[in-house]
J.: 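Okay, here's the structure, questions in a sec.
Order of appearance sets the numbers: ligands from 1, and atoms from 1 within every ligand.
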Amino acid sequence: MSLTVSARPYDLVVDPDATALIVIDMQRDFLEPGGFGELLGNDVSLLGQIVEPLASVLWAARAAGMLIVHTREGHRPDLSDCPPSKLARGRLDMGIGSSGPKGRILVRGEEGHDIIDALSPREGEVVIDKPGKGSFYATDLELLLRNGEIKSLIVTGVTTEVCVHTTVREANDRGFECLVLTDCVGSYLPEFHRVALEMICAQGGIFGWVAHSADLLAALESKPQRPLATIGEGG
Ligand code: TIU
């Protein structure tokens, strides 16, 4: 079964059974005060506006039986997987590995590293821990997508011009079709967000497609849904 999503630069046809929803780095460290995002000098409150539309898409994707993949940017406690260049970047007094109000910054297992409660992964959903900005670099994401016969990615999360863009570029070069949902990706820098989205769909869709989540939800409504009770049990 295929669905047609109204998108830019032109409508995108996707098969929900061959489509994964990717939720990138919706971690406390990027969305809440005291985390990595704020330490970089950003106003983290700007990212909060994507949580509600993204939660709706997450539930719709679950109901449609799509593969759901959550990613988290972060490092091993001994930081042995963090390049020295990344540690040094920004000349921060407090940076990756430092102790903050939500534990050590961008370190796996710490409160700040985990995904915000509103978008918590359900049992059975894939969680990819990645050391870089791209979701494919030094992870088994590509293997999981190929084994799942996934052809298209619905891309959401933060930030639009950093981890979302890097992931879309990596995915595009690997032959995956990417649809980026404009209201489900966010940036600390509104102008970068706007231009990053334009960069994806310019030149005939040089990296992929962009659409509002309402356009995806409208397309999904035509697909028979699984009973919500089944989803709640982790199915
Ligand atoms: N700083 C910034 O905009 N983003 C990141 O460091 N990581 C992600 O985008 N996840």
J.: Quick check: does any side chain N or O of Thr166 sit under 3.5 Å from a backbone N or O of Cys163, one acting as donor and the other as acceptor?
T.: no
J.: Under the side-chain contact (heavy atoms from CB on, under 4.5 Å) test, which residues partner Glu149, sequence neighbours left out?
T.: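 Residues passing side-chain contact (heavy atoms from CB on, under 4.5 Å) with Glu149: none at all.
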J.: To the closest 0.5 Å, what do you measure between CZ (Phe36) and CD (Glu73)?
T.: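 So the gap between those two atoms works out to 6.5 Å.
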J.: Any link between Val14 and Ile22 through a network of hydrophobic side chains (Ile, Leu, Val, Met, Phe, Trp, Tyr) touching at under 4.5 Å?
T.: no
J.: Holding to side-chain contact (heavy atoms from CB on, under 4.5 Å), I want the full list of residues that pass it with Ile50, two or more places apart in sequence or in another chain.
T.: Met26, Leu54, Val158
J.: Return the set of residues passing side-chain contact (heavy atoms from CB on, under 4.5 Å) with Arg72 (not counting sequence neighbours), or none when no residue passes.
T.: Gln27, His113, Asp114, Ile115, Val127, Asp129
J.: Taking only heavy atoms of the protein into account, state which residues are under 4.0 angstrom from an atom of ligand 1, in chain and number order.
T.: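 If the criterion is a heavy atom under 4.0 Å, then ligand 1 touches Asp25, Phe30, Phe36, Leu40, Glu73, Lys133, Val158, Thr159, Val162, Cys163, Tyr188.
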